Asker: 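I'd like to ask you about the structure that follows.
Proteins come first, then strands; the chains are lettered A, B, ... in the order of their sequence lines, and each starts at number 1. Only a predicted model underlies this, so the values are computations on that prediction, with no experimental measurement involved.
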Protein chains: 2
Amino acid sequence: MAKARIRFGISVRQRRNQLEWSQEELAERSGLHRTYIGQVERGVRNISIDNMEALAEALMLPLAELLRSDS
Amino acid sequence: MAKARIRFGISVRQRRNQLEWSQEELAERSGLHRTYIGQVERGVRNISIDNMEALAEALMLPLAELLRSDS
DNA sequence: GTGTGACTTCTAGTCCGTA
DNA sequence: ATACGGACTAGAAGTCACA
């Protein structure tokens, strides 16, 4: 249990670093709060599908890509 | 917006029908409530990642599979 | 630029019923 | 076997001050 949100958080962070964005920049682009982004990346938040989609769109990746078991 | 939860709901329903399970059976296997399953399948609920994972495990599919754009 | 705890508001999620 | 409604409780959303 709670494996998916760990993987998701790691994927978001990897992609954000790849784009060389700060959490603050991703926050602005996704419409979410800066601290919330950080919490999601660390897997401490049980994020909902709507917010996952907002992040995926901001990161310009399909949502399924952020949940792949390998990555 | 809210496209992902529609796709997710459809995928869950398709897979459940494929397994020939009732909503009630999926509810028992996933540990979620029967009425909630129905709402998720219809896309009226903004489900969290932990529960998405619970459904994916009950349905014996990787979570990413339930979110694919095509399917 | 990020991590963390705490806080309030709002909705996810349950449980009852009826159809 | 599923949809839908109301009422309720647990927990996510969203924000902040401070490290």
Asker: To the nearest Å, give me how far apart CG (A:Asn51) and P (D:dA13) are.
Answerer: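 For the pair A:Asn51 CG and D:dA13 P, the rounded distance is 5 Å.
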Asker: Using only atom types and a distance under 3.5 Å, with no angle test, would you say the side chain of A:Arg16 pairs donor to acceptor with the backbone of A:Val12?
Answerer: no
Asker: Considering only C:dT2, D:dT15, D:dA12, which nucleotide approaches the side chain of A:Ser48 most closely?
Answerer: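 Shortest atom-to-atom distance from the side chain points to D:dA12.
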Asker: Under 4.5 Å between side-chain heavy atoms, hopping through other hydrophobics if needed: is there a path connecting A:Leu19 to A:Phe8?
Answerer: yes
Asker: In whole Å, what is the span from the CE atom of A:Met52 to the P atom of D:dA13?
Answerer: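 Taking atom P of D:dA13 as the reference, CE of A:Met52 is at 11 Å.
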Asker: What's the closest nucleotide to the B:Thr35 side chain, out of C:dG3, D:dA3, D:dC4?
Answerer: D:dC4
Asker: Within the structure, does a side-chain N or O atom of A:Arg42 lie under 4.0 Å from either OP1 or OP2 of C:dT2?
Answerer: no
Asker: Counting only N and O atoms by type, is there a donor-acceptor contact under 3.5 Å from the side chain of B:Asp50 to the main-chain atoms of A:Asn46?
Answerer: no
Asker: When only distance counts, do a donor and an acceptor, one from the side chain of A:Arg45 and one from the base of D:dG11, lie under 3.5 Å apart?
Answerer: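 Result: no qualifying N/O pair found.
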Asker: In whole angstroms, how far is the C1' atom of C:dG3 from the OH atom of A:Tyr36?
Answerer: 16 Å
Asker: Between C:dC15, D:dC4, C:dG1, which one does the side chain of B:His33 approach most closely?
Answerer: C:dC15
Asker: Identify which nucleotide among D:dA3, D:dA12, D:dG14 has an atom closest to any side-chain atom of B:Arg13, counting heavy atoms from C-beta outward.
Answerer: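 Looking only at heavy atoms from C-beta outward on B:Arg13, the closest nucleotide is D:dA3.
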Asker: In whole Å, what is the span from the CG atom of B:Asn46 to the P atom of D:dA13?
Answerer: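 Atom-to-atom, B:Asn46 to D:dA13, this comes out as 7 Å.
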Asker: Does A:Arg5 reach the main-chain N or O of A:Gly43 with its side chain, forming a donor-acceptor pair under 3.5 Å?
Answerer: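 The answer is yes, because a donor-acceptor pair under 3.5 Å joins these two groups.
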Asker: Over how many whole Å does the gap from B:Leu32 atom CG to D:dT2 atom P extend?
Answerer: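 From B:Leu32 CG to D:dT2 P: 15 Å.
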Asker: Grab the CD-P distance between A:Glu24 and C:dG1 for me, whole Å please.
Answerer: 7 Å
Asker: Rounded to the Å, how far apart are A:Ile37 CD1 and C:dT4 C1'?
Answerer: 16 Å
Asker: Give A:Arg34 one of three labels, base, sugar-phosphate or nothing, depending on what nucleic acid heavy atoms sit under 4.0 Å from its own.
Answerer: base
Asker: B:Arg16 side chain: which of C:dG3, D:dT2, D:dT15 is closest?
Answerer: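 The answer is D:dT2, which lies nearest to the side chain.
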Asker: Would you mind reading off the distance between B:Ile47 atom CD1 and C:dA12 atom C1', rounded to a whole angstrom?
Answerer: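 So the CD1-C1' distance, B:Ile47 to C:dA12, works out to 10 Å.
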Asker: Between atom CG of A:Leu63 and atom CG of B:Leu63, what is the distance when rounded to the nearest 0.5 Å?
Answerer: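 So the gap between those two atoms works out to 8.0 Å.
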Asker: Could you check which of C:dG5, C:dT14, D:dA13 has an atom nearest any side-chain atom of A:Gln39?
Answerer: C:dG5
